[in-house]
Amino acid sequence: MSDLILLATQKLFNGEQRRYRHYSQFNHCDMTFSVYLPSRALHGYHRPVLYCLGGLTCTDENFSIKSGAQRFAAEWGIVLIMPDTSPRGDNIADAAAYSLGQGAGFYVNATIQPWAQHYQMYDYIVTELPQLIEMHLPVNNQRSLCGHSMGGHGALMIGLRNPHRYTSVSAFAPIAHPSASNWGKKAFTAYLGTNKADWAQYDSTLLLQQKISNNLPILIDQGSADEYYPTQLSPNNFANTAANKGFKIYYNLREGYDHSYYFVSSFIESHINFHATAFGL
């Protein structure tokens, strides 16, 4: 297990906002992530963890700087972990389009070169990063997921594939059916190949058709003025299917809100409260 290199730390709501770098054994490169440790964690109490997954073009700093989540995480004593959305570097495969390559890992394990060498983001988020966090930081074994856009896809998909590993899942404007969206089709074809059967394990709507536990509580917020809502996201279809499958799902269509972090920051408090309740805080 690699060591953590502390890059920066700032005091925030009596806790600490930190940024770390480490070498990833799965992605075969250095990875960066941000952490918010509330005061209770700094004073030796092991606290539950919320993994906050970013969207297309984002680094680990988008959520940490723009969401406003730390104020509410501080109140509940929840640790926030904000990973990068892909491997990065001069020797890492990339593409000119913003929806592929660096900043667009889609939380899959790529099987097609040149992506397969470094883009193992599913294993990184599910296995490597939590092991690192739980070894080095004051957290307990309660984990939940939150994500925006591509990160919403990651949160839903990872939660559905590992329902006994996570306490709850929430998403803002998720790419909930990537196999049916242009973003998802492009990324899945590049990372996984043209066999759509290989895509299904990373498609949240398709995962609902499998025999999986429906005990995972899910919260989704979607803005009605989101330019990507009608064509790329499909959260309503996911929500309807999940409800029919017996999931405890809360779906809110927020009138007039778009796809931006103005939207995320408007409702982040309700998401933190949702996870706090699931944690039993």
Side-chain angles (χ1 to χ4, degrees), residues 53-58 85-86 97-100 103-112 119 121-122 125-126 145-163 166 168-214 216-254 257-260 263-264 271:
L53 308 185
L56 291 169
T57 76
C58 289
T85 57
S86 76
Y98 72 91
S99 58
L100 187 67
F106 264 85
Y107 304 101
V108 305
N109 286 338
T111 56
I112 304 297
Y119 286 72
M121 288 299 294
Y122 176 84
I125 297 296
V126 174
L145 294 156
C146 176
H148 173 231
S149 193
M150 180 187 70
H153 142 72
L156 292 173
M157 176 269 293
I158 289 170
L160 290 174
R161 287 183 60 172
N162 304 274
Y166 298 98
S168 51
V169 174
S170 73
F172 295 91
I175 307 172
H177 191 9
S179 297
S181 76
N182 289 336
W183 284 338
K185 290 176 184 177
K186 182 175 184 176
F188 285 2
T189 299
Y191 297 145
L192 305 171
T194 57
N195 185 355
K196 293 185 178 181
D198 295 331
W199 301 4
Q201 62 183 317
Y202 298 112
D203 189 307
S204 298
T205 299
L206 297 181
L207 285 170
L208 290 174
Q209 307 305 321
Q210 301 179 15
K211 292 183 179 179
I212 55 178
S213 170
N214 61 359
L216 189 69
I218 300 172
L219 169 64
I220 296 176
D221 275 299
Q222 172 64 56
S224 68
D226 187 331
E227 62 182 304
Y228 306 114
Y229 171 43
T231 57
Q232 299 279 21
L233 305 178
S234 304
N236 50 333
N237 293 337
F238 172 88
N240 290 336
T241 303
N244 290 335
K245 292 288 184 178
F247 282 83
K248 189 176 183 181
I249 184 164
Y250 306 90
Y251 176 68
N252 304 304
L253 185 61
R254 304 295 190 176
Y257 285 89
D258 61 15
H259 197 73
S260 71
F263 161 57
V264 174
H271 282 240

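Every value quoted in this text rests on a predicted model; they were computed, and no experiment measured them.
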* Asked: Would you call Thr231 and Asn182 a side-chain contact if the rule is heavy atoms closer than 4.5 Å?
  -> no
* **Pairwise side-chain contact, Met150 with Trp183, heavy-atom cut-off 4.5 Å (strictly under)** => no
* Are Tyr119 and Tyr191 close enough that their ring centers fall under 6.0 Å? -> yes
For the [atom1] atom of [X] and the [atom2] atom of [Y], what is their distance to the nearest 0.5 Å?
X	Y	atom1	atom2	result
Phe238	Leu207	CZ	CG	8.5 Å
Ser149	Leu233	OG	CG	6.0 Å
Cys146	Phe172	SG	CZ	5.0 Å
Ile175	Tyr228	CD1	OH	10.0 Å
Ser204	Asn237	OG	CG	12.5 Å

* Between His153, Lys186, Met121, which is the residue that forms a side chain to side chain contact (heavy atoms under 4.5 Å, CB included) with Phe106? ->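 Among His153, Lys186, Met121, the one meeting side chain to side chain contact (heavy atoms under 4.5 Å, CB included) with Phe106 is His153.
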* Option passing side chain to side chain contact (heavy atoms under 4.5 Å, CB included) with Ile220 (candidates Leu156, Asn236, Asn252) -> Leu156
* Could you tell me whether Lys185 atom NZ has more than 12 heavy atoms of other residues or ligands within 6.0 Å of it? => yes
* Using the six-membered ring of Tyr122, assess whether NZ or CZ of Arg161 lies under 6.0 Å from its centre and within 45 degrees of the ring axis. => yes
* Between His177 and Asp203, do the side chains contain an N or O donor and an N or O acceptor separated by less than 3.5 Å? ->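 Yes.
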* To do: Take Leu160 and Leu208 through the test side-chain contact (heavy atoms from CB on, under 4.5 Å) and record every step on the way to the result.
  => CA-CA 8 Å; Leu160 290 174; Leu208 290 174; 4.1 Å; yes
* CA sep, side-chain torsions, deciding dist, call: His148, His259, side-chain contact (heavy atoms from CB on, under 4.5 Å) -> CA-CA 9 Å; His148 173 231; His259 197 73; 4.0 Å; yes
* Leu216/Lys248 under side-chain contact (heavy atoms from CB on, under 4.5 Å): CA gap, chis, key distance, verdict -> CA-CA 7 Å; Leu216 189 69; Lys248 189 176 183 181; over 6 Å; no
* To do: I would like to know whether Phe247 and Ile212 meet side-chain contact (heavy atoms from CB on, under 4.5 Å); could you show each step before the answer?
  => CA-CA 10 Å; Phe247 282 83; Ile212 55 178; 4.0 Å; yes
